Amino acid sequence: MSNRLQAVRGMNDILPDEAESWEWLEEALRAWLKSYGYRPIRMPIVEPTPLFKRAIGEVTDIVEKEMYSFVDSLNGEPLTLRPEGTAGCVRAVIQHNVAAERPQRLYYMGQMFRHERPQKGRYRQFHQVGVEAFGFTGPDVDAEQILMSARLWQDLGLDNVRLEINSLGQPEERAAHRAALITYFEAHQDQLDEDAQRRLHSNPLRILDTKNPAMQQLVNEVPRLMDYLGAESLAHFERVQSLVRHAGIAFTVNPRLVRGLDYYNLTVFEWVTDALGAQGTVCAGGRYDGLVEQLGGKSTPACGFALGIERLLALLEDAGHLPQAESPDVYIIHQGDAAAGLALRVAESLRDTGLNVLYHCGGGSFKSQMKRADNSGAPMAVIIGDDEVASGEVTVKAMQQKDWVEGDAANNQVRVALDDLAEHIMSQWSENDLGQGF
RNA sequence: GUGGGCGUAGUUCAGUUGGUUAGAAUAUCGGAUUGUGAUUCCGAGGGUCGUGGGUUCGAAUCCCAUCGCCCACCCCA
């Protein structure tokens with residue numbers, strides 16, 4: 001095993017059966033994004049390391065211990081494989097003045113990299129769809145993005161996700177609350193467990209998530225962020241809630257909902273599920289009004305969310321909503337040199353009509369070719385042998401009908417003149433409602 | 001980074017207190033009237049038992065190390 005070549009831990013190959021599901025989902029996602037006016041943007045997977053440090057925050061887990069950072073050995077530049085998409089997107093928006101003239105709705109999809117221990121729903125290379133809106137002060141975009149994500153679950157037939165929202169207020173409000181939190185916990189330091197001690201100064205909000213029953217009472221009486229929000233922040237949050245409520249979307253306000261990245265302010269939301277093991281978040285995001293300016297751009301309000309593709313696919317799989325493997329429309333069987341040449345031309349002419357055609361390659365007995373044809377799932381086979389070549393005809397056989405009689409070679413098949421083949425197949429298609437392409 | 005579980009044909013798995021040449025199902029290939037697919041019957045190929053070392057007359061089995069996968073903690077999509 002020591003010599004064996006294999007993929008890097010936590011970075012998975014996506015093999016054909018699975019990759020077809022990915023493409024199917026990606027198509028659905030693009031249609032969904034387009035229906036909300038979002039336009040594609042594509043950024044590099046590698047960015048200068050300081051971008052992420054400045055955007056995500058120096059003391060976050062991502063920056064401290066999860067980034068794939070390295071120095072370009074050719075010019076000494078510090079680079080990082082993107083651990084999330086927003087920073088690069090904001091960088092691109094600033095660099096090219098994308099949102100200078102009018103607000104922009106943008107999306108991207110692609111791989112992200114975080115050096116974490118892999119487990120169910122968590123990988124070192126994973127894929128996200130990022131949805132970002134620049135130049136809208138909200139709260140209507142906030143609400144629209146929430147409705148938008150709700151529609152996606154509906155489109156995909158998923159009903160086991162629920163919505164949680166919260167407001168983080170403005171940075172000053174959050175800082176005041178954080179200070180109050182630390183003061184409170186310091187006053188009760190004797191009641192803090194080891195975990196909480198560690199988080200006290202790194203991430204005091206996380207202490208609220210403790211599962212330790214001994215700390216529940218302490219945690220319940222903690223200063224509430226909501227009490228530190230100013231009138232504007234509260235009004236924004238109220239408005240988002242009322243818009244979402246009016247759209248008929250159920251949610252709970254979770255005062256403990258914090259995002260792991262520093263740039264968020266005001267609205268944050270998260271779609272969670274119990275169906276995925278320990279990794280319950282399928283989609284999460286919020287407002288980040290300060291980030292563009294913080295990264296050197298002109299002050300621009302922004303709001304966005306990310307969707308985990310692996311987790312979404314896992315949910316779809318769980319619900320049995322993934323499409324079946326794709327089959328060709330026609331499988332072409334042939335035997336003999338003359339037939340091989342003719343069959344190749346027939347295959348091309350059928351593709352001219354828009355059909356997906358599998359031409360048998362590699363020879364083999366007639367029987368084995370029939371087996372391949374059956375195995376391919378194609379509803380029809382075209383058979384070309386010496387007889388057909390001699391008479392200028394081909395045999396068309398319906399494959400999905402299993403009611404054939406032993407020993408009767410003529411089961412479910414007809415001979416058709418070469419010139420009539422395309423027309424014959426098309427009419428069979430409409431009569432029998434075969435395939436998905438018509 | 002910490003903990004737990006697991007590594008045996010392409011795949012899913014058996015494999016007794018350590019004892020002949022490591023099995024099954026499934027998949028693949030071939031055959032059962034040489035031009036006909038499901039099902040059925042017959043046959044074949046396919047394994048450095050993750051890897052390396054140790055104990056033993058003898059190791060898939062016991063011990064040590066190592067690599068890998070999975071799940072959980074932490075954190076997050």
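Here is the naming used below: chain letters follow the sequence lines, and residue numbers restart at 1 for every chain. These figures come from a predicted structure and were not determined experimentally. Hydrogens, waters and symmetry mates play no part in the numbers below; they use all other heavy atoms, side chains included.
A salt bridge is absent between A:Arg124 and A:Glu116; no separation between the charged side-chain nitrogens and carboxylate oxygens falls under 4.0 Å. Salt-bridge formation is detected for the pair A:Glu348/A:Arg351: a Lys NZ or Arg NE/NH1/NH2 atom is positioned less than 4.0 Å from an Asp or Glu carboxylate oxygen. At a threshold of 4.0 Å, the pair A:Glu393-A:Arg415 counts as salt-bridged, since one of the basic side-chain nitrogens sits closer than that to a carboxylate oxygen.
Between the side chains of A:Tyr68 and A:Gln125, no donor N or O sits under 3.5 Å from an acceptor N or O.
Following rounding to the nearest Å, A:Asn12 (CG) and B:A77 (P) show an atom-to-atom distance of 19 Å.
Residues of residues 36-49 of chain A that place a heavy atom closer than 4.0 Å to RNA chain B do not occur.
With B:C74, B:C75, B:G35 as the choices, the nucleotide that has an atom nearest any side-chain atom of A:Asp61 turns out to be B:C75. Taking the side chain of A:Arg117 as heavy atoms from C-beta on, and the options B:A72, B:G35, B:U36, the nearest nucleotide is B:A72. Of the candidate nucleotides B:A77, B:G35, B:C73, B:A77 has the atom lying nearest to any side-chain atom of A:Ala284. Side-chain proximity of A:Lys397 to the nucleotides B:U36, B:C73, B:G35 is greatest for B:U36.
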So what's the dot-bracket for RNA chain B: Watson-Crick or G-U pairs under 3.5 Å, [ ] if a pair crosses, | if it pairs off-strand?
(((((((..((((.....[...)))).(((((.......))))).....(((((..]....))))))))))))....
For nucleotides 41-46 of chain B, tabulate all protein N/O to nucleotide N/O atom pairs closer than 3.5 Å, reporting atom names and distance.
none

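Toward the 5' end of RNA chain B, the nearer of the two residues A:Glu310 and A:Ala7, judged by each one's closest nucleotide, is A:Ala7. Nearest-nucleotide positions on RNA chain B place A:Gln335 closer to the 5' end than the other of A:Gln335 and A:Leu307.
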